[in-house]
Amino acid sequence: MPQRPLLEDVTQNTSTRFVSFTAGSHRFELALMKADYFQNQTMVINLPKNRQALLDHENINEIGHLEHMFQLSAMEAEELRNYLPELL
């Protein structure tokens with residue numbers, strides 16, 4: 001099998017937190033991964049939808065960001081936005 005060139009190959013220790021909660025009418029199951037590689041952001045993975053985003057306290061409040069990254073309705077995104085600051 002031919003070798004394929006890698007653009008990057010980095011190994012780091014990470015901290016991963018799994019959180020499940022209900023907010024309003026929606027249930028969220030998230031994995032929150034922290035690593036130096038992410039430069040002060042947290043990789044937030046929506047486990048049921050298999051969607052992920054690098055988030056911090058600034059971009060969670062950007063209009064439409066959570067809706068786009070996690071394919072959420074405006075109401076679902078607002079429910080998530082209320083919980084994220086304490087989780088990040």
Checklist line | Chi angles and distances behind the side-chain hydrogen bond (donor to acceptor under 3.5 Å, both in side chains) call for Ser15, Lys34 | finding: CA-CA 5 Å; Ser15 169; Lys34 294 182 181 270; over 6 Å; no
Notebook entry, point to check: Say you draw a straight line from CZ of Arg4 to CG of Leu7; how long is it, rounded to the nearest 0.5 Å?
Noted result: 13.0 Å
Notebook entry, point to check: Is there a side-chain contact between Leu80 and Leu72, using heavy atoms and a 4.5 Å cut-off?
Noted result: yes
Margin query: Side chains of Leu32 and Thr16, heavy atoms from C-beta outward: is any pair under 4.5 Å?
Written below: no
Next item on the list: Following the transitive rule for hydrophobic clusters with a side-chain heavy-atom cut-off under 4.5 Å over Ile, Leu, Val, Met, Phe, Trp and Tyr, establish whether Val10 and Leu54 coincide in one cluster.
Entry: yes
Next item on the list: Examine Phe28 and Leu87 and state if one hydrophobic cluster contains both, with Ile, Leu, Val, Met, Phe, Trp and Tyr joined whenever side-chain heavy atoms are less than 4.5 Å apart.
Entry: yes
Note to self: Centroid separation under 6.0 Å, is that true for the rings of Tyr83 and Phe21?
What the structure shows: yes
Notebook entry, point to check: Do you know the tightest heavy-atom contact between Glu29 and Pro48?
Noted result: O-CD, 3.4 Å
Margin query: Quick check on side chain to side chain contact (heavy atoms under 4.5 Å, CB included): which of His65, Glu76, Glu67 does Arg81 satisfy it with?
Written below: Glu67
Item checked: Ile63 atom CD1, neighbour heavy-atom count above 12 within 6.0 Å -> no
Margin query: Is there a side-chain contact between Tyr37 and Gln39 in this structure, where contact means two heavy atoms from C-beta onward sitting under 4.5 Å apart?
Written below: no
Notebook entry, point to check: Within the side chain of Arg51, is there an N or O that forms a donor-acceptor pair under 3.5 Å with the backbone of Met69?
Noted result: yes
Next item on the list: Specify the closest pair of heavy atoms between His57 and Ile60, including all atoms of both residues, with the distance to one decimal.
Entry: O-CG1, 3.6 Å
Margin query: As an exercise, state the distance from CG of Leu47 to CG of Leu30, rounded to the nearest 0.5 Å.
Written below: 7.0 Å
Margin query: Would you say that Asp56 contacts Phe38 through its side chain, given a criterion of any heavy-atom pair below 4.5 Å between the two side chains?
Written below: no
Check: Should we count NE2 of His26 as having more than 12 external heavy atoms under 6.0 Å?
Finding: yes
Margin query: Are Phe70 and Met75 linked, directly or through intermediate hydrophobic residues, by side-chain heavy-atom contacts shorter than 4.5 Å (ILVMFWY only)?
Written below: no
Notebook entry, point to check: How about Glu78 and Leu66: do any of their side-chain heavy atoms sit closer than 4.5 Å?
Noted result: no
Check: Are any non-hydrogen side-chain atoms of Asn46 and Val44 less than 4.5 angstrom apart?
Finding: no
Item checked: Check: Asn61 side chain, Glu58 main-chain N or O, donor-acceptor pair, under 3.5 Å -> no
Item checked: Exercise: identify the closest heavy-atom pair between Ala23 and Glu79 -> O-OE1, 2.8 Å
Note to self: Which heavy atom of Gln12 sits nearest to which heavy atom of Asp36, and what is that distance?
What the structure shows: OE1-N, 3.4 Å
Next item on the list: Check step by step if side chain to side chain contact (heavy atoms under 4.5 Å, CB included) holds for Leu88 and Thr42.
Entry: CA-CA 7 Å; Leu88 297 179; Thr42 302; 3.7 Å; yes
